Amino acid sequence: MSADVPEAASAEEQKEMEDKVTSPEKAEEAKLKARYPHLGQKPGGSDFLRKRLQKGQKYFDSGDYNMAKAKMKNKQLPTAAPDKTEVTGDHIPTPQDLPQRKPSLVASKLAG
Amino acid sequence: MNCSDESTYGNKADIISTVEFNHTGELLATGDKGGRVVIFQREQESKNQVHRRGEYNVYSTFQSHEPEFDYLKSLEIEEKINKIRWLPQQNAAYFLLSTNDKTVKLWKVSERDKRPEGYNLKDEEGRLRDPATITTLRVPVLRPMDLMVEATPRRVFANAHTYHINSISVNSDYETYMSADDLRINLWNFEITNQSFNIVDIKPANMEELTEVITAAEFHPHHCNTFVYSSSKGTIRLCDMRASALCDRHTKFFEEPEDPSNRSFFSEIISSISDVKFSHSGRYIMTRDYLTVKVWDLNMENRPIETYQVHDYLRSKLCSLYENDCIFDKFECVWNGSDSVIMTGSYNNFFRMFDRNTKRDVTLEASRENSKPRAILKPRKVCVGGKRRKDEISVDSLDFSKKILHTAWHPSENIIAVAATNNLYIFQDKVN
């Protein structure tokens, strides 16, 4: 019995190794799973699509903002980390967090 | 191997987001992230320099779309021009459609080279004259003036898309056009802006069940009842508008069978089709997914007739490309006028051309250092392993922030336009 088990295990390992050698994609997948073990089961599915469909969503509630300002009085409201693009949770966005929406006043450099 | 974008680009608004020749190739339009359109015109070949090919000079530029904020949905609407499509010329003026994520606009570009002079009620500066001082009557005459090109918005087709518009396509009947977003496709009549017909709707009743989105759509070049749309799952559907008002059921379904043992986490992502184009003949469609370009015969649904590898060496870099989001880059593809050569972009400012007849392919680079006027483009090569030859570039040295997503091919001549971030390159076949 103990003689059989190591053989079966090595056959499986061998197939896995073969997979990695013959398919660079599978090797990359293994790399990704090693870095992000909690990555979802349905990769191309709902998560990506929903993120794609929600592009452009900004969360700014003037009520929350003013209430927070009143509570904090003179203190500064906590600002989002500069690299955060999605503002959710405890952080209350300030007008400074939302990027300026001004049309281009300058002509395109192609036309110059 | 990062995809940094801040300082490399300079002004972000200058990033070109679409390039399109008109039907004669006389005009070339570009749209950018800042919502502006720049139109180039080919200069007429003069009799003196009959062998000198016409060059493209700036003809007109205008602000097509402006940034908006939808307060009801807390949605920021980018002014970036996603697509430009020309209408065939029917009179002296030029017409084009330009679209951002939410609104399609019809622009009229016309020339003015005469000006009326000799008004009765206005003086030469345009100020109103005192009627009491007018004692004679004269007829204003048209006098020549410096050429002025003006662009005016003739129609605004708004409020018809909940999701982001990825494609517009003018029908061969020249009366209608379609606009496609992630989940729906609408049919418009050019004259009517307050109504559109929904012809495709793939939104599931429960959004949790969403598995695929529409990525591109195009009308058949000759059959006004036929169109195709591609999906994020790598499939193409051909629909016939004569069959029913709502074309949710396709007439043809194009999908290449996948080997299940080859399936990985990345399979579906890299199979997502980023562009679909009919051949000029109308007999074939070309699709672009992350690593390949495929040509399909409309009469064969179960697999493409040709598959071309654009940059297969990226297959061993998918993990990093996923982390820096490059795996989601949407490359376009184009046919040449005779449908014999296809072209698409890649990274490091490389673009690739595939000759369907000779099966030869070439990699070229669009960069300032390599493109002096009249210089001949040198083919480039990416080294995938082992010894790197002198002129080759290794995969790890590729600059993934320099991506060529948008290219265009003149309808009849060998002239191509290549958009490299915020620069536009126009290459022409050399004159013998």
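Side chains included, hydrogens not; waters and symmetry mates left out as well; all remaining heavy atoms used. Just so we're clear, the structure is a prediction, and the values are computed from it rather than from any experiment. Below, read A as the first sequence line, B as the second, and so on, with proteins coming before strands; counting in each chain starts at 1.
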Checklist line | Residue pair B/V109 / B/V149: nearest heavy atoms and the distance that separates them | finding: CG1-CG1, 3.6 Å

Notebook entry, point to check: Non-hydrogen atoms of chain A under 4.5 Å away: do they reach the side chain of B/E212, the backbone, both or neither?
Noted result: backbone

Margin query: Using only atom types and a distance under 3.5 Å, with no angle test, would you say the side chain of B/K105 pairs donor to acceptor with the backbone of B/S64?
Written below: yes

Item checked: Heavy-atom contact with chain A under 4.5 Å, split by part of B/T30 -> side chain

Item checked: Engaged part of B/F328 at the chain A interface, taking heavy atoms whose separation is under 4.5 Å -> side chain

Notebook entry, point to check: Is it the backbone or the side chain of B/N57 that comes under 4.5 Å from a heavy atom of chain A, or both, or neither?
Noted result: neither

Next item on the list: Could you tell me which portion of B/S316 (side chain, backbone, both or neither) has an atom closer than 4.5 angstrom to a non-hydrogen atom of chain A?
Entry: both

Note to self: Does the plane of the ring in B/Y56 sit parallel, tilted or perpendicular to the ring in B/F21? Use 30° and 60° as the thresholds.
What the structure shows: perpendicular

Notebook entry, point to check: B/F40 versus chain A, heavy atoms under 4.5 Å apart: side chain, backbone, both or neither?
Noted result: side chain

Check: Can you name the closest pair of heavy atoms from B/D32 and B/A13 and give their distance?
Finding: CG-O, 3.2 Å

Checklist line | Side-chain donor or acceptor of B/T61 paired with backbone N/O of B/V37 under 3.5 Å | finding: yes

Checklist line | Closest heavy-atom pair and its distance - B/I81, B/G31 | finding: CB-CA, 4.0 Å

Item checked: Residue B/I270 versus chain A: region with a heavy atom under 4.5 Å -> side chain

Note to self: Looking at chain A, which one of B/Y59, B/Y322, B/F62 has the largest number of heavy-atom pairs inside 4.5 Å, strictly under?
What the structure shows: B/Y322

